[in-house]
Q: 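Once you've had a glance at the structure underneath, I'll fire off some questions.
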Amino acid sequence: MSGAPSSDPAAREVLEQAKKRGWVTIFQRAEQIKPCPIGQGGGCCRICGMGPCRLVGEVQTGVCGATESTVVARNFARMVAAGAAAHSDHGRALALLLQAVARGEIPHHRIADERKLRWVAELMGVPAEGRPVEQVAAEVASRAIEDFTRQRGELTYISRAPKKRQEVWRAAGVVPRGIDREISEMLHRTTIGTDQEAEHLLDQAVRVALGSGWGGSMLATDLSDILFGTPSPLPAEANLGVLRAEAVNVVVHGHEPLLPEALVQVLAEPELQAEARAAGAEGINLVGMCCTGNEALMRRGIPSAGNFLHQELAILTGAVDAMVVDVQCILEALAALAKQFHTRLITTSPKARITGAEHLELSEERALEVAREIIRRAIAAYRERREEVAIPPHKAALIAGFSHEYIEYMLGGRYRRSFWPLVDNIINGRLLGVAAVVGCNNPRIPQDSSSLYAIKELIANNVLVVTTGCTAVAAGKHGLLDPAMLELAGPGLREVCEAVGIGPVLHLGSCVDNSRVLTVLSALVATGGLGSDISDLPAVGLCPEWMSEKALEIGTYFAGSGATVLFGGVSPVSGSRAVVEIMTECWQARYGGRLEFVGDPAVLVSKAIETLHRKRQALGIDVQRQRVLFDMDSRRQLA
Ligand code: NFS
């Protein structure tokens, strides 16, 4: 990769402008602030008032005597707990929303997918047959809420994992009890002078993460589907080019699906449209960003303006009239930046405010009212536009909306939903395996570069790729979610995709929707033919450009679920060789999965492909196919 900050031409164009105008973005701040190498590798302990203790050189322990492995494991475990708290709190919000809807407290809201509700009820052991939908919904909501607060016993959805996997967890003592209990216990155990054995701490990190993956996140996915509809494929577009100079542009950014759903509902109201036209605009253009963007994209085909590193860039186009945010991954810098433009930055969550932003609190009952008010504020801002509008013309067509239900249906047909065609094509060698390429942007890595490189190499080597979060948006912006991209796929993958009628890269949703990947993996095991546990499957997880604590939590639950997980970028545990060994060798022995940090994207991909071959060998299905190696020419063509 050259020294360019982004592999996205839209980003490069806006950054070029920003440089001329003296606007500062995350890209410059990342250059100015050099990360502390000790903290970066997890070796700085600041959990009490005797430190911070930086374990470096001669300093082998903290003031309390905490060793390198304890400090590094503790720091990692706390990051996992924070990530799990974020994703699970998102799930909790939906459980409470479902409860309110079931009680009739939100008249404008209906259950969108009754079939999914009844399926979830069955999984939870809630009797559904012949009962009114509200009753079933109320009980499902209570069961979901119980999963957060349970003190003893096992998380409900543990039963969705393969039997063998459940036994692995029971043997290791890591079956989550209640989602909140595990997070809270993790915080307790990482306080000064409590749990002081790295392996023991990291087992609890696995337990916390499983509580999110098979609990908070999986509930978030299921309950969103019930409340707003289960996604199925639809066409859309992605990148800054989805902003429209002549329209009132509202960017909805953050994570929770409630607001974009409300905005979609009111968007077409004649009064609002008339008000927009009276302000001189051609209409109202709603676009998404980050994971809220993914939610709206998956269910409503709302275009995505970009991923994590695009949030400031969108404002810099001068075309954003309102940027509405709720929780997670929202840059505080947006507040100061929006002030330099006419853009209204509006916070909507009772959990998150930003100094300098307008706050307009969203509650379930008032969702539509708030949505209208947001649009009105955007229209008012449109009248105040003062900077020249310069929208880079880049956008790509894509197909999004692959729920696991749809994948099963698409593979097997309407009347015989089945994962067998996928399993069969893995066994016969047309497909080498399946990879989930997920995660963030990180300004320390040229935007999207590692993710795109990994995806392209994998599909060229006949690996079916599923993607979520900001990586999914990266894939979308660069055309990789367009089925026409089949030309980049290896011959086996191409054949399978053509037969089924899909592209080689499937967008599965936002980051909580990584739980859809867990569901697909469990379904592959249940189909038979590829072993008896997730750890047997020729499947890998890659997170090439991680940045958030949530990414670490996702990686940990996949590793704890038996998958080989490879992260790019820097390692937050490089400060302790012992911790690195626990998360690779020990976890491999205990969970059949591992979490490894690999800086170099080429090594990352090689390791992923090696893993798939190794799994195939163990299953006795490995036919040696030549690895497609990219020479410089083909790389340039891809770029
Ligand atoms: Ni995931 Fe979504 Fe993006 Fe990373 Fe942030 S938006 S929850 S954490 S940056 S993928």
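Note that ligands are numbered from 1 as they come in the structure, with each ligand's atoms numbered from 1 the same way.
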Q: Output the list of atoms in ligand 1 that are nearer than 4.0 Å to some heavy atom of Met547, sorted by atom number.
A: 9 (S)

Q: Does Arg29 CZ have over 12 foreign heavy atoms under 6.0 Å away?
A: yes

Q: Relative to the heavy atoms of His87, which atoms of ligand 1 are at a distance of less than 4.0 Å?
A: 7 (S)

Q: Before giving the answer on side chain to side chain contact (heavy atoms under 4.5 Å, CB included), spell out for Leu97 and Phe228 the whole-Å C-alpha distance, their side-chain angles and the decisive distance to 0.1 Å.
A: CA-CA 11 Å; Leu97 176 59; Phe228 306 114; 3.9 Å; yes

Q: Do Arg516 and Thr221 meet the criterion of a side-chain donor-acceptor pair at a distance under 3.5 Å?
A: no

Q: Would you tell me whether Ser217 and Ser212 have side-chain atoms, one donor and one acceptor, within less than 3.5 Å of each other?
A: yes

Q: Starting from atom 1 (Ni) of ligand 1, count all protein N, O or S atoms within a radius below 2.8 Å.
A: 1

Q: Hey, what's the ring geometry for Phe76 with Phe597, parallel, tilted or perpendicular (30° and 60° as the breaks)?
A: perpendicular

Q: What's the shortest distance from atom 2 (Fe) of ligand 1 to any protein heavy atom, and which residue and atom give it?
A: His255 NE2, 2.3 Å

Q: Pairing donors with acceptors under 3.5 angstrom, does anything connect the side chains of Asn514 and Thr468?
A: yes

Q: Could you verify whether a donor N or O on one side chain and an acceptor N or O on the other, from Thr611 and Thr564, lie under 3.5 Å apart?
A: no

